[in-house]
2 protein chains.
Amino acid sequence: MQTTNSTEQQIIDAARKIFMHKGFSGARMQDIADEAGINKAMLHYYYRSKDKLFDMVFNEAVEKLLSRVSAVFTADLLLEDKIQGVIGSYISSIAENPYLPLFIMNEINQDPDRIIDRFVNTPSFPNIQEFMMMLNAEMDKGTIRRVDPVQLMISIVAMCVFPFIAKPLLKAVFKIGDPAFAQFIEERKAFVSSFVLSALRP
Amino acid sequence: MQTTNSTEQQIIDAARKIFMHKGFSGARMQDIADEAGINKAMLHYYYRSKDKLFDMVFNEAVEKLLSRVSAVFTADLLLEDKIQGVIGSYISSIAENPYLPLFIMNEINQDPDRIIDRFVNTPSFPNIQEFMMMLNAEMDKGTIRRVDPVQLMISIVAMCVFPFIAKPLLKAVFKIGDPAFAQFIEERKAFVSSFVLSALRP
DNA sequence: TGAGGTATTAACCAAATGGTTAAACGCTTC
DNA sequence: GAAGCGTTTAACCATTTGGTTAATACCTCA
């Protein structure tokens, strides 16, 4: 059924946009209806409540974010190439959904317990073990400096994600506009890769 | 007047707590009144509206955050000692106000324009120039590797701040509790310092 | 064509929420 | 002790907001 799918999809798209920008409590059902160009009652016709609609958007977002974090941690090539490639594609993929990280962080903080169940069952849960074992192997071989793998992983994600979370702040502090920021992000791929690899030199 | 000051202060403290945890739209005036242990009408007696009360809390928070970011960027010692000392104290000071960064990021994203005016007039606006010149001087001397100073600064802040923004996520992903997280933060001071300095080796 | 189901809407409702008001309380001062 | 003042409260108000309902438009299929 075309019409049904279309309307359902329009609602999800609108809900994603509004929830991402305003958060759960800041989002109004009327805003979502307007954004989707439909009547407010339709939201309740397809998705029973604001909570249900939010869950739909939120789960999708978590899934997306986790699969991206997974990509960073999953490694089966040479460390150097892997880090380089993975950081680049990670930054690129967030650039396509710049509001995703802040949205997730924020909503998780609102209600930390809600997320935990979700995580255990998520298929794309990051494979941390594999990446840590790879790091340990390289450290044993002496090809990279010995560091705490967890601290390292979090640092990599931090350097990739933070610019998007802090975008308006950074634009103000460094007095740059949107084009310059986009260029900054593009350059950041190479910077983070080389920064991390430099830090790992024995 | 003791009572006045006390009540006023109670309100501010309560408002800070509620706004920080729930954000502007998620916070209820009744919540703040309850937290302060007073009648809701008192909030309007001392501060005219929710917006006014929020501004009070928000400005204070911005001031606090900026002065801390400033501390990172202000440098007048040897680079190595400076970086080490500053990262440590920066992480410590955020640890005392772990909700501050996410709160600021989030509210700025809600209404980016509001912050810009605020920034220009803030006395504790970070002295970026000084730090950048210092970095450039060291690069010219060849004591550190040549990197983009802006990318570097943002990376340092990212590594310090991100763990607090992502705390519930990290706790879930790495399956750690509050004590382990506190230890992680404590260890992070040394890690980030040594990571940055290692990355800057020529 | 029209019966039957689905999609859509306008109007409505109850609860929550920011904000107001008028009365009461308590303290100081004469 | 009561006049005068700032403080505090309970009750109230108007608007917003999530959610419902009953009627209507639309679409398919016999």
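Computed from a prediction, not measured in an experiment: that's the story for all the values here. Chain identifiers are assigned alphabetically (A, B, ...) following the order of the sequence lines, protein sequences preceding nucleic acid strands; residue numbering begins at 1 within each chain.
- B/Y99 has its ring centre no less than 6.0 Å from the ring centre of B/F103.
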I'd like a table of donor-acceptor pairs (distance under 3.5 Å, sequence neighbours excluded) in which one partner is a side-chain atom from residues 165-179 of chain B, with atom names and distances.
{"residue": "B/K167", "atom": "NZ", "partner": "B/D178", "partner atom": "OD1", "Å": "3.4"}
{"residue": "B/K171", "atom": "NZ", "partner": "B/D178", "partner atom": "OD1", "Å": "3.0"}

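- Listed in residue order, the members of residues 27-35 of chain A having a heavy atom less than 4.0 Å from DNA chain D are A/A27, A/R28, A/M29.
- Straight-line distance from the CD1 atom of A/I38 to the C1' atom of C/dA10: 15 Å, rounded to whole Å.
- Listed pair B/T7 / D/dT8 meets the phosphate criterion, a side-chain N or O lying under 4.0 Å from OP1 or OP2.
- One N or O donor and one acceptor, one from the side chain of A/K40 and one from the base of D/dG19, sit under 3.5 Å apart.
- Computed from coordinates, the A/L43 CG to D/dG19 P distance equals 10 Å when rounded to whole Å.
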Distance-only donor-acceptor pairs under 3.5 Å for side chains of residues 151-160 of chain B, two or more places apart:
{"residue": "B/Q151", "atom": "OE1", "partner": "A/R188", "partner atom": "NH1", "Å": "2.6"}
{"residue": "B/Q151", "atom": "NE2", "partner": "A/F184", "partner atom": "O", "Å": "3.2"}
{"residue": "B/S155", "atom": "OG", "partner": "A/R188", "partner atom": "NH1", "Å": "3.4"}
{"residue": "B/S155", "atom": "OG", "partner": "A/R188", "partner atom": "NH2", "Å": "2.9"}
{"residue": "B/S155", "atom": "OG", "partner": "B/Q151", "partner atom": "O", "Å": "2.7"}

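- Of the candidate nucleotides C/dG19, D/dG19, C/dT20, C/dG19 has the atom nearest to the side chain of B/K50.
- With sequence neighbours excluded, the residues that form a side-chain contact (heavy atoms from CB on, under 4.5 Å) with B/E186 are B/K189.
- With rounding to whole Å, B/K52 atom NZ is found 15 Å from C/dT20 atom C1'.
- Nearest to the side-chain atoms of B/M42 among the listed nucleotides D/dT9, C/dT9, C/dG19 stands D/dT9.
- Checked by atom type, the side-chain pair B/E63/B/N59 shows no donor-acceptor distance below 3.5 Å.
- Among the nucleotides D/dT8, C/dG18, C/dT21, the one closest to the side chain of B/H44 is C/dG18.
- For the side-chain hydrogen bond (donor to acceptor under 3.5 Å, both in side chains) condition, the pairs that include at least one residue of residues 193-202 of chain A, sequence neighbours left out, are A/S198-B/R145.
- Residue B/Y46 places at least one side-chain N or O under 4.0 Å from the OP1 or OP2 atom of D/dT8.
- Atom OH of B/Y46 is separated from atom CD of B/Q10 by 9.5 Å, given to the nearest 0.5 angstrom.
- The distance from atom OH of A/Y45 to atom P of D/dA25 is 17 Å, rounded to the nearest whole Å.
- The side chain of B/N39 approaches D/dT9 more closely than any other nucleotide in the set D/dT9, C/dT20, D/dT7.
- As rounded to whole Å, 12 Å separates atom P of C/dT21 from atom CZ of B/R48.
- The ring of A/F24 has its center closer than 6.0 angstrom to the ring center of A/F54.
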For DNA chain D, what is the dot-bracket line, given that a base pair needs Watson-Crick (N1 to N3, plus N6-O4 or O6-N4) or G-U wobble (N1-O2 and O6-N3) geometry with both distances under 3.5 Å, and | means paired with another strand?
||||||||||||||||||||||||||||||
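- Rounded to whole Å, the distance from CG on A/D51 to C1' on D/dT17 is 14 Å.
- Inspection of the B/Q183 and B/E187 side chains reveals an N or O donor paired with an N or O acceptor under 3.5 Å.
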